[in-house]
Protein chains: 2
Amino acid sequence: MASQHDPRQNHLLAALPRDEYQRLAPHLERVELTLGESLVESGKVMRHVYFPTDSIVSLLCVMEDGDSTEIAVVGAEGIVGISLFMGGETTPGRAVVQSAGGAYRLKGQLLKDEFDRASTLQYLLLRYTQALITQMAQTAVCNRHHSLDQQLCRWLLLSLDRLPSHELVMTQELIANMLGVRREGVTESAGKLQKAGLIAYHRGRISILDRPGLEARVCECYAVVKKEYDRLLSYQRPG
Amino acid sequence: MASQHDPRQNHLLAALPRDEYQRLAPHLERVELTLGESLVESGKVMRHVYFPTDSIVSLLCVMEDGDSTEIAVVGAEGIVGISLFMGGETTPGRAVVQSAGGAYRLKGQLLKDEFDRASTLQYLLLRYTQALITQMAQTAVCNRHHSLDQQLCRWLLLSLDRLPSHELVMTQELIANMLGVRREGVTESAGKLQKAGLIAYHRGRISILDRPGLEARVCECYAVVKKEYDRLLSYQRPG
DNA sequence: TCGCTTCCGTGCGTTAGCGTACATGGCATG
DNA sequence: CATGCCATGTACGCTAACGCACGGAAGCGA
C-alpha cells in the first residue's frame with residue numbers, strides 16, 4: 001500500500017515493474033507545486049519531468065498578444081515534459097499548475113536513459129502520449145463546435161477526475177484563461193450551473209454538488225477523452 | 001538523386017541510414033491515394049502506415065453529428081498512422097486524403113519491429129510526433145482566437161508547403177469541413193483573398209498568385225508551426 | 001443539345017461571444 | 001474599524017459566424 005507520500009500515487013510510476021522502479025526511485029524528488037507555478041516555459045530547455053500525484057497541471061498554448069488556451073490537462077495519470085523523451089527538448093507551449101499539490105520530479109537525462117532501454121517505461125510513456133494527443137484533438141474540436149456552457153462542464157469534469165475532493169480552488173478569471181474566453185463569459189456559464197444547483201461558487205472555490213448533472217450537460221468530448229484514457233492506460237502489457 | 005518514384009521522396013524515409021532503409025525498402029508498397037480516400041477510420045485497427053511522397057493527408061476529428069475539424073496535416077515530411085508505434089493501435093480520429101498523389105505503405109508490424117530496435121527510425125518518428133503535437137496545439141489555439149480569414153490563410157500555406165505546385169484541387173465545401181466552419185464562410189473569406197489578388201478560384205481549383213501576400217495576412221500560428229517543424233525535422237542526429 | 005449535378009456567390013435574420021464599463025460584496029491588511 | 005483589492009455579477013452595443021434559402025454558372029453525360 002502507498003504511504004501518504006509515495007511516488008506510486010502517480011499511475012505511470014505505479015505501473016512500472018519492480019526493477020525499473022527501483023532504478024528510478026532514488027532519483028525521484030518530491031516537490032510541492034503551488035497554484036500558478038510554471039513548470040515549462042515556452043522554448044526553454046527543461047531539466048526535469050514531473051509526475052503529479054495529487055496536483056493538476058495545465059498545458060497551455062500562449063500567443064503573442066497574451067491570449068491563451070488550454071491544450072490538455074495532466075494529473076496523477078500522467079507526466080509533464082513529454083518533449084524530453086520525444087526528442088525535442090523544448091515545446092512552444094507552457095505548463096502551469098492548475099491545482100496545488102504534490103509531484104515527483106526526475107532529472108530529464110535519467111528519464112531519457114531509462115526510456116532508451118526499450119523498457120516498460122517507454123511502453124507506458126508512449127501510450128500515455130497517445131492519450132494526450134487524443135485529449136488535444138478533442139479539445140480542438142470542442143473549441144470549434146461546442147458552446148461555452150458545454151466546455152465549462154467538460155473542463156470541470158476533467159479536473160474533477162484528477163482530484164480527490166469535490167472542491168476546486170480556481171477563480172473564474174483563471175478558468176477563462178484556460179478555456180480561452182472572457183472572464184465574464186465564465187461568470188455567466190458558471191451562474192447557470194449554480195442556478196441549476198450543480199455547483200456552488202464562492203470566491204475562488206468551486207464545490208461540485210451534482211456530478212451526474214454535469215455529465216448530463218457535457219458534450220460528447222468528455223466521454224471520448226475519458227474512454228480513450230481508460231483504454232490506453234489500463235496497462236495490460238502484451239508480453 | 002531520386003528517380004520519379006522513390007520512397008525517399010518522403011523525408012522520414014530519406015533520413016534513414018542505409019542499413020535501416022534497406023531492411024524496410026523491400027516491404028514498401030507504392031500506392032496512389034485518391035482525393036477523399038480514408039486511410040484511417042475512427043476506432044478501426046490499422047494494418048499499414050503511410051509515408052506520403054506527393055500527397056497530402058488530413059487528420060480529422062469527427063463528432064457524432066458529423067461536424068468535423070482538421071487537427072493536423074501530413075505531407076512528405078511525415079507519416080500517417082502514428083498510433084501503430086505509439087502503442088494504441090487505433091485513434092478516435094480519421095485520416096482523409098486531402099490532395100491526391102503517391103505514398104508508400106508499410107505493414108504495421110514491420111514498422112513496429114523496426115521502431116522497437118531503438119533505431120534511427122524511432123528517433124525520427126518520435127521527433128516527428130512531437131512536431132505533430134505542436135501543430136495540433138497551435139491549431140486548437142488558432143481555432144479559438146483567430147478569424148476565419150486568418151485561418152484560411154494558414155490552411156492554404158500549410159497545404160502549399162506540402163505541394164510541388166501552386167495549385168490545389170479542393171472545393172470550398174471540403175475546406176469548410178477541414179476548418180470546421182460553414183461553406184458560405186469559406187466562400188466569403190476566399191472571395192476577399194481573390195479580390196485582393198492573392199488567389200484565383202475556379203470550380204475546385206485554387207491557384208496561389210501571391211504567396212507573400214498570404215504570409216502577410218496569416219496569423220502567427222503558421223510561423224510557430226513551421227519553425228517547430230524546421231527545428232525538429234532537420235535531422236542532425238546527436239551521435 | 002438538353003438536363004442534371006456540382007460548385008460558387010449572395011442575402012437574409014439570428015446568436016454566441018466579445019470589449020467595455022461599472023457595481024457590489026468579501027476578505028485581508030493596516 | 002477604515003481602506004483597498006480582488007472575485008464576482010451585470011449591462012449594453014458590437015461583430016463574426018451561424019442556419020437557411022435561393023440563384024446562377026460551369027461542367028458532364030445522355
Side-chain angles (χ1 to χ4, degrees), chain A residues 35-36 63 65-70 98-99 140-156 167-196 198-207 217 219, chain B residues 34-36 63 65-70 98 140-156 167-196 198-207 217 219:
Chain A
L35 182 61
M63 296 190 309
D65 62 4
D67 281 353
S68 63
T69 296
E70 183 183 81
Q98 178 198 312
S99 179
V141 73
C142 194
N143 278 354
R144 169 61 76 198
H145 292 291
H146 293 146
S147 69
L148 178 49
D149 288 16
Q150 290 183 302
Q151 291 180 51
L152 179 59
C153 289
R154 173 177 60 80
W155 190 89
L156 287 171
E167 192 177 278
L168 47 160
V169 177
M170 178 66 48
T171 64
Q172 298 183 346
E173 176 82 41
L174 287 178
I175 296 180
N177 287 147
M178 305 286 182
L179 296 180
V181 298
R182 283 181 320 148
R183 195 266 314 161
E184 293 88 333
V186 175
T187 301
E188 197 176 326
S189 283
K192 290 183 200 169
L193 297 181
Q194 189 154 13
K195 281 196 189 70
L198 305 180
I199 65 172
Y201 222 112
H202 185 66
R203 291 192 69 74
R205 300 194 108 82
I206 314 172
S207 302
R217 293 197 171 209
C219 49
Chain B
T34 60
L35 182 60
M63 296 189 309
D65 62 4
D67 281 354
S68 63
T69 296
E70 184 183 79
Q98 178 199 310
V141 73
C142 195
N143 279 354
R144 169 61 79 196
H145 293 290
H146 293 148
S147 70
L148 176 50
D149 288 15
Q150 290 183 303
Q151 290 180 51
L152 179 59
C153 289
R154 173 177 60 80
W155 190 88
L156 287 171
E167 194 176 278
L168 47 160
V169 178
M170 177 66 47
T171 65
Q172 298 183 346
E173 177 83 40
L174 286 178
I175 296 181
N177 287 149
M178 305 286 183
L179 296 180
V181 297
R182 284 181 318 151
R183 195 266 313 160
E184 295 90 328
V186 174
T187 301
E188 196 176 327
S189 282
K192 290 184 200 170
L193 296 181
Q194 188 153 12
K195 280 194 188 73
L198 306 180
I199 66 172
Y201 221 113
H202 186 67
R203 291 192 71 73
R205 300 194 109 81
I206 314 173
S207 302
R217 293 197 173 210
C219 49

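Quick note on labels: first sequence line is chain A, next is B, and so on, each numbered from 1.
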Donor-acceptor check, side chain of A:His145 to backbone of B:Ser68, threshold 3.5 angstrom: yes or no? yes
Where chain A begins and ends its contact with DNA chain C, read 5' to 3' at 4.0 Å from heavy atoms: C:dG17 to C:dC27
Quick one, B:Gln150 and B:Arg217 - any side-chain contact, counting heavy atoms below 4.5 Å? no
When A:Arg183, A:Glu70, A:Met170 are each screened for side chain to side chain contact (heavy atoms under 4.5 Å, CB included) with A:Ile175, the one that passes is A:Met170
Rounded to whole Å, please give me the gap between CZ in A:Arg182 and P in D:dT15. 15 Å
Rounded to whole Å, how long is the line connecting atom CG of B:Leu179 with atom C1' of D:dC18? 15 Å
Rounded to the nearest 0.5 angstrom, the SG-CD distance for A:Cys142 and A:Gln151 is 4.5 Å
Do any N or O atoms of the protein come closer than 3.5 Å to N or O atoms of nucleotides 7-10 of chain D, and which pairs are they?
{"residue": "D:dA7", "atom": "O3'", "partner": "A:Gly204", "partner atom": "N", "Å": "3.4"}
{"residue": "D:dT8", "atom": "OP1", "partner": "A:Gly204", "partner atom": "N", "Å": "3.0"}
{"residue": "D:dT8", "atom": "OP2", "partner": "A:Gln172", "partner atom": "N", "Å": "2.8"}
{"residue": "D:dG9", "atom": "OP2", "partner": "A:Gln172", "partner atom": "NE2", "Å": "3.0"}
{"residue": "D:dG9", "atom": "N7", "partner": "A:Arg183", "partner atom": "NH1", "Å": "3.0"}
{"residue": "D:dG9", "atom": "O6", "partner": "A:Arg183", "partner atom": "NH2", "Å": "3.0"}

Charged N to carboxylate O below 4.0 Å: is that the case for B:Asp149 and B:Lys192? yes
d(CG, B:Asp149; P, D:dA17) in whole Å: 7 Å
Answer whether the closest heavy-atom distance between the side chains of B:Val181 and B:Ser189 falls below 4.5 Å. no
Atom pair distance, as rounded to whole Å: NE2 in A:His145 and P in D:dA17: 14 Å
Looking at A:Glu184, I want to see if its CD is surrounded by more than 12 non-hydrogen atoms of other residues, nucleotides or ligands under 6.0 Å. yes
Is a donor on one side and an acceptor on the other found under 3.5 Å between the side chain of B:Arg144 and the backbone of A:Ala140? no
